[in-house]
Engineer: 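First, the structure itself, so that you have it in front of you.
We name chains A, B, ... by the order of the sequence lines, and we start the count at 1 in each one.
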Amino acid sequence: MNSFSTLFNEVYKILFLLIPVLVTVALIVWLDRRVWAFVQKRKGPNVVGPFGLLQSLADALKYIFKEIIIPASSNKVIFILAPIITMTLALVAWAVIPFSEKLVLANINVGILYLFAVSSLGVYGIIMGGWASNSKYPFLGAIRSAAQMVSYEVSIGVIIINVLLCVGSLNLNDIVLAQQNMWFILPLFPMFVIFFISALAETNRPPFDLPEAEAELVAGYQTEYSGMMYAMFWLGEYANILLMCAMGAILFLGGWLPPIDNDFFSSVPSPFWLIFKILLLFILFALVKAIVPRYRYDQLMKLGWKIFLPFSLIWVVLTAGYLLYFNLLPVQ
Amino acid sequence: MIAHAVFFYIFSFIAIVSAIMVTAARNTVHSVFFLILDFISISCLFIMIGAEFLGMIMLIVYVGAVAVLFLFVVMMLNVAQQKNQWFGSIKSSSHIPIGLLISLIIFVELLIVVGGWKYKPDLLNSSNIIISQTTSNTHSLGNVLYTDYIHLFQISGMILLVAMIGAIVLTFRERAGLKRQSYIKQISRERKDGVQVVDVPNNKGVKIDV
């Protein structure tokens, strides 16, 4: 009976985390479109509900009631599995995000590795979708995105090493607490810039949205998907973007820490600060979408392998050398 | 404890079944997907015995990078057709002896590992790895890897680097007539390189060297 109540408790906690995340994803789609419209001097979605807030809900209803079409020549099991995997992986990663010192679903020792692993698995949803569709455009889109995501993961990994050198622990709460005196965005500012651009590429956001470049690939790996399955890809994508923003907020912007450690700022509950920082980063994501044209594929690869990777590797050496010389290495 | 055992059996069952399916699946892409499932369940087993660092690295390196490249190659090269030809023709027997030899070697290696562990159970204590509840296994692994085994660690890194460079050198071929974009050339371009102002005499025209 005791174990049953524990199980119930855990399920309750998971739902308490996942439902807000899903609602936020729906709202963030609206925010994305609004920011996009704002930059281009349009109005954006403003009809359904106050300020158009319920637009995503209306879209979701539309998707649910649409027919799911499975192409006859597709590989059916993998075709159906692909959006499910994308969605699951995007949600599963939220388990380790710390919203305050106590408020975290799973406070595991290797939290940052877990986040990195889950985000690197995200490529499978896209490859499986592209391959199972058994058609040219989805396949090309999937191949492109696989190469793109694997390339940019490498530089994200090296950037994480930079932060970990300053922390001395893989635990996400330790990473946040290490920034009490100074957020890592100040000493590691170039790394933050590279992380931000790599996060854009990792989540297939413009200017790196080559996997779904409309002009050449119709809609990339999503071409054959319709109805709820398309909506799941779409939700998973935005959940991934939020996750990347959360990762940036935790690694560089001090996670749930208030910006200045005084009574007024500390009285605001710490989950608020994390959400605030995530939203701030997301608005940057949305702005970039509105103002930057798409990259060419060879330029994308050049940027990832020839500029970001060497630069962040050199920065690892510099950070390690600096910490070693001034005896600042965190030793446990 | 019962829950632990249940999860152990679930994961090991999935691992073994998917390992069998890697070889049994007719479709090569399905084989790779089963391989990925195998990797994931093995890393779950690693996490269950408390080696969370190894489990996560397994996920990142094998599932996140190596298997993606596998999938890449298998999807692009149409290996499925070849495999079906092997299955269908009589010539398939030429691959079986090599496969048997390799599996025999792996089996003997496993026997040596298990035998050594059974024969000398205190083998584990001879290393300097601190296994305790307080230190995380990332720390204890790092403490051994970067002190006692630093040379082996560096040498294995060098071997991987050499292998990588070798692969690039072997597959690299210079193609003629390839136009490359050079940022420095583009940025350092000035007005006098691109624009030429000429007075054109009426009805005569001018010659411009291109």
Side-chain angles (χ1 to χ4, degrees), chain A residues 3 6-7 75 77-78 81-82 85 89 96 106 108-124 126-128 130-132 134 139-140 142-151 153-154 156-157 160 164 168-171 174 202 296 298-299 302-303 306-307 330-332, chain B residues 1-4 6 25 27-30 32-34 36-37 39-40 43-44 46-47 50-76 78 80 130 133-143 168 178-183 186:
Chain A
S3 65
T6 322
L7 189 73
N75 194 318
V77 179
I78 293 178
L81 217 57
I85 282 182
L89 284 174
V96 293
I108 58 174
N109 277 335
V110 288
I112 189 73
L113 280 184
Y114 174 83
L115 266 188
F116 188 58
V118 170
S119 75
S120 70
L121 291 187
V123 69
Y124 281 109
I126 294 174
I127 298 190
M128 286 165 88
W131 179 77
N134 199 4
F139 186 62
L140 281 175
I143 292 285
R144 265 188 184 188
S145 86
Q148 175 182 336
M149 288 170 89
V150 168
S151 314
E153 247 160 49
V154 180
I156 287 187
I160 289 175
L164 293 182
S169 164
L170 297 174
N171 188 311
D174 289 349
E202 179 79 8
R296 218 171 55 208
D298 61 320
Q299 289 172 331
K302 199 172 190 171
L303 188 71
K306 290 188 184 170
I307 300 173
V331 186
Q332 290 197 342
Chain B
M1 217 48 220
I2 295 170
H4 200 268
V6 168
N27 192 331
T28 334
V29 177
H30 288 179
V32 180
F33 281 134
F34 277 116
I36 292 161
L37 186 62
F39 283 148
I40 291 175
S43 67
C44 288
F46 266 130
I47 293 165
E52 71 260 11
F53 183 76
L54 277 183
M56 287 299 159
I57 289 295
M58 180 110 184
L59 272 187
I60 293 170
V61 174
Y62 284 96
V63 185
V66 173
V68 174
L69 297 180
F70 258 43
L71 215 55
F72 224 79
V73 172
V74 167
M75 282 176 179
M76 302 272 265
N78 208 359
I130 316 149
Q133 292 286 336
T134 47
T135 48
S136 74
N137 62 56
T138 317
H139 278 114
S140 42
L141 207 65
N143 274 334
I168 293 171
L178 204 65
K179 280 184 182 169
R180 282 224 167 75
Q181 191 181 15
S182 158
Y183 296 139
Q186 286 179 339

Engineer: What is the distance from atom OH of B:Y183 to atom NZ of A:K302, rounded to the nearest 0.5 Å?
Structural biologist: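 Result: 4.5 Å between the selected atoms.
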Engineer: Could you check whether atom CZ of B:F70 has more than 12 heavy atoms from other residues, nucleotides or ligands sitting under 6.0 Å from it?
Structural biologist: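 No - once you tally the heavy atoms of other residues, nucleotides and ligands closer than 6.0 Å, there are 12 at most.
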Engineer: How close do A:E153 and B:G64 get, counting heavy atoms only, and between which atoms?
Structural biologist: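 Nearest pair, atom of A:E153 first, then B:G64: OE1-O, 4.0 Å.
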Engineer: If I measure from the heavy atoms of chain B, does A:N75 come under 4.5 Å with its side chain, its backbone, both, or neither?
Structural biologist: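 Answer is side chain: those atoms of A:N75 sit under 4.5 Å from chain B.
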Engineer: Taking the side chain as every heavy atom from C-beta outward, state whether A:F116 and B:M56 have any atom pair closer than 4.5 Å.
Structural biologist: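 The answer is no, as the side chains (C-beta and beyond) never meet within the 4.5 Å cut-off.
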Engineer: Kindly compute the distance separating CD1 (A:I78) from CG (B:N27), expressed to the nearest 0.5 Å.
Structural biologist: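 Separation between the atoms: 7.0 Å.
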Engineer: If you measure from CH2 on A:W131 to CZ on B:F33, what distance do you get to the nearest 0.5 Å?
Structural biologist: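 Here the rounded value is 6.5 Å.
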Engineer: Identify which part of A:L121 has an atom lying under 4.5 Å from any heavy atom of chain B, answering side chain, backbone, both or neither.
Structural biologist: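 When you check distances to chain B, only side chain atoms of A:L121 fall under 4.5 Å.
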Engineer: If you measure from CG on B:L59 to CG on A:L113, what distance do you get to the nearest 0.5 Å?
Structural biologist: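 Going from CG on B:L59 over to CG on A:L113, the span is 10.0 Å.
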Engineer: Is there a side-chain contact between A:Y124 and B:L71 (heavy atoms, below 4.5 Å)?
Structural biologist: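 Yes, side chains in contact.
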Engineer: First locate atom CG of A:N109, then atom CZ of B:F53, and finally report the distance between them rounded to the nearest 0.5 Å.
Structural biologist: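 Spacing of CG (A:N109) from CZ (B:F53) equals 12.0 Å.
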Engineer: Given that the side chain runs from C-beta out, which part of A:I143 has a heavy atom under 4.5 Å from chain B: side chain, backbone, both or neither?
Structural biologist: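 Its backbone and side chain both get close to chain B.
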Engineer: Could you look at B:L69 and say if it's the side chain, the backbone, both or neither that has a heavy atom under 4.5 Å from chain A?
Structural biologist: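 When you check distances to chain A, no heavy atom of B:L69 falls under 4.5 Å.
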Engineer: Between B:E52 and A:I108, does a side-chain contact (heavy atoms from CB on, under 4.5 Å) hold up when you go through it step by step?
Structural biologist: CA-CA 9 Å; B:E52 71 260 11; A:I108 58 174; over 6 Å; no
Engineer: Do A:M149 and B:V68 come close enough that some side-chain heavy atom pair is under 4.5 Å?
Structural biologist: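 No. Closest side-chain heavy atoms not under 4.5 Å.
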